[in-house]
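Read through the structure below, which is laid out as structure tokens, and then see the notes.
When a ligand or atom number is given, it counts from 1 through the structure's own listing order. Predicted model only: the values in this text are computed from it and were never measured.
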Amino acid sequence: MVSRVIPVDPFDLVIFGGTGDLARRKIYPGLFRRFCSGQIGPETRFIGAARTELDNKGYRKFVADAINEFYPEAANSRKKLNAFLKLISYILVDALGETGWDQLADIADADRVQAFYFSVAPRLFGDLAKRLHKHGLAEDNCRIVVEKPFGRDLESARELNRVLARHFGEHQIYRIDHYLGKETVQNLMAIRFGNMLFEPLWNSQYVDHIQITVAESVGVGGRGDYYDRSGAMRDMMQNHLMQLLCLIAMEPPAKFNPDAVRDEKLKVIRALDPVGMDDIVRGQYEGTGDRAGYRIQVGNRDSTTESFVALRANISNWRWAGTPFYLRTGKRLRDRASEIAVVFKDAPHSIFDEDAGRHRNILTIKLQPNEGIELGVTIKEPGPGGMRLIDVPLDMSFAEALGPEEADFPDAYERLIMDVIRGNQTLFMRGDEVEAAWAWTDPVIAEWETLGDEPLPYVTGGSGPDEALMLMHRDGRRWREIKA
Ligand code: NAD
């Protein structure tokens, strides 16, 4: 099978924060891969815009170094890399002042798509939107890509939506959640709505519960300052995990188009019950030496910010009433592993002896580190020993099923940037969705603050505080092992 790459028309992409960490690690390596695939043509222009003093030559070197570091395969494509670097230029721009804006406006080409990637601190988003508008760069061919975090609570998200809306229409605003750009996440929709097999079973009559885990093995690293003001609830739960929950739980949209999909996701968020304090556990990792504890790493001895959160969510609608969703995310856990597990109910009656054992079907959607989908089915253990049942995976690893070339799909950022250029907002969060998500998480955070709640300590390399295990044990269920 040979993958079909559909080239996009030449476009301009301005990367505000073009000398930052995200540009280096994700944006440029991703763009280069799309260039190598033939999706991006030689008339496209990439313009780095940041506050560092650099000329084009210096900036191209910065980009080349970034690509070599974060996409080592580039070493085999020297010629391609040189061709790619020719598309790149740099303008010194100050989001908070006048520097660079006239120059940016002068090179603008009204006949092509112009995308502006806000890869800067969120406090600059409003200023960038305002100045783009002021310099005639908010016309219909213009779009803005907004990084996370989108606000830190409902009020700030609303305010940010208001500010952006003053200068850009909703159809021009692309709020990134890179989890939605993952191949498997999109495949989740293909599996649900492209097959007859699953959808009839996709409800509380057949699904016992759903687990969503986004586990990291690393700590806060160099982001301690930011993270300590945010925490797992704001940094991960409000966006990534809730987006995954929405895709699993939503009703079939009438069409696979942006508003139809986003309307259905919004309905899920609005149908979520408020989370009671008994249904949520927050933790903070401990550690020593090389693997120092959270408080040491963030340099705040009294920090009460959580690096782990687990909760039980209930969706009050016809499809899901009675089927709990268990969500957890944290740092310094046993492994870097993200997955969604749809655990089906037991067969209503077993025709086999007790010795045969009882088994359940589990559909596992693996997001990290390797993407793939696995369906656990029950079969007879081979051999003459009578009827004993075992679980075996019907493994749909993309690499095996499609061949390595076909499975070498774009990473989330590449795909999402290409969607911006094509004008497809399906995988981006709409303003009202983000607000609804904050409206659900805000009361929990407020209650922690009112109660002066202290996160529970947990050991590095485990699966979070014991109380998080209890969240499921008390319902007669258990978390799946965190395993890459
Ligand atoms: P960074 O601190 O590494 O880079 C910031 C960039 O902004 C630099 O290029 C700097 O020159 C530029 N800048 C600062 N002030 C400016 C001004 N007044 N005018 C113009 N440019 C200015 O930040 P980062 O890690 O690249 O993150 C960028 C954005 O992406 C943030 O919103 C962050 O939350 C988000 N994000 C980053 C990551 C990541 O992995 N780095 C992941 C998810 C989201």
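- Closest to atom 33 (C) of ligand 1, if we only count protein heavy atoms, is Lys148 O, 3.6 Å.
- With hydrogens left out, the protein atom closest to atom 4 (O) of ligand 1 is Gly20 CA, 3.3 Å, a heavy atom.
- With hydrogens left out, the protein atom closest to atom 22 (C) of ligand 1 is Arg51 CG, 4.0 Å, a heavy atom.
- Of the protein's non-hydrogen atoms, the one nearest atom 39 (C) of ligand 1 is Arg25 NH2, 3.4 Å.
- For Arg152 and Asp442, the salt-bridge test fails: no basic side-chain N is under 4.0 Å from an acidic carboxylate O.
- With a heavy-atom cut-off of 4.0 Å, Arg24 does not touch ligand 1 at all.
- Ring to ring, Trp101 and Phe116 are not that close: their centroids are 6.0 angstrom or more apart.
- A side chain to side chain donor-acceptor pair (under 3.5 Å) with Tyr285 is found for one member of Arg332, Glu306, Gln297 and no other, namely Gln297.
- Taking a cutoff of 4.0 Å between a charged side-chain nitrogen and a carboxylate oxygen, Lys366 and Glu371 do not qualify as a salt bridge.
- Interface atoms of ligand 1 facing Ala50, defined by a heavy-atom separation under 4.0 Å, are 9 (O), 11 (O), 21 (N).
- Counting atoms of ligand 1 from 1 in the listed order, those under 4.0 Å from a heavy atom of Pro149 are 34 (O).
- Checking Leu128, Leu22, Ile27, Leu92 against atom 42 (C) of ligand 1, the nearest heavy atom belongs to Leu22.
- With distances taken over non-hydrogen atoms, the option nearest atom 1 (P) of ligand 1 out of Val120, Leu96, Ile176, Asp21 is Asp21.
- Applying the side chain to side chain contact (heavy atoms under 4.5 Å, CB included) criterion to Ala66, with sequence neighbours excluded, gives Arg24.
- The heavy atom nearest to atom 12 (C) of ligand 1, out of those in Ala23, Gly17, Ser119, is found in Gly17.
- Every residue two or more places apart in sequence or in another chain that forms a side chain to side chain contact (heavy atoms under 4.5 Å, CB included) with Asp177 is listed here: Tyr179, Leu180, Asn239, His240, Gln243, Met429.
- Among protein heavy atoms, the minimum distance from atom 19 (N) of ligand 1 is reached at Ala95 N, 2.8 Å.
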### Message
Working note: Arg480 + Glu339, criterion salt bridge (Lys or Arg N to Asp or Glu O under 4.0 Å); need CA distance, chi angles, decisive distance, verdict.
### Response
CA-CA 10 Å; Arg480 286 163 57 78; Glu339 63 164 44; 2.6 Å; yes

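- For the ligand labelled ligand 1, residue Gly97 lies outside the 4.0 Å heavy-atom shell.
- Between Arg158 and Glu155, no side-chain nitrogen of the basic residue sits less than 4.0 Å from a carboxylate oxygen of the acidic one, so the salt-bridge criterion is not met.
- For atom 9 (O) of ligand 1, the closest non-hydrogen atom of the protein is Thr19 OG1, 2.6 Å.
- Remark: Asp225 CG is loosely packed, at most 12 non-hydrogen atoms of other residues, nucleotides or ligands lying under 6.0 Å away.
- Checking side-chain atoms of Glu467 against main-chain N and O of Leu456 turns up no donor-acceptor pair under 3.5 Å.
- Scanning all protein heavy atoms for the shortest distance to atom 20 (C) of ligand 1 gives Val93 O, 3.2 Å.
- At least one donor-acceptor pair under 3.5 Å links the side chain of Ser303 to the backbone N or O of Thr305.
- Using a 4.0 Å cut-off to heavy atoms of Asp94, the atoms of ligand 1 that qualify are 17 (C), 18 (N), 19 (N).
- Annotation: atom 43 (C) of ligand 1 to nearest protein heavy atom, Glu147 OE1, 3.7 Å.
- Under a 4.0 Å criterion applied to the non-hydrogen atoms of Pro122, ligand 1 contributes the atoms 32 (O).
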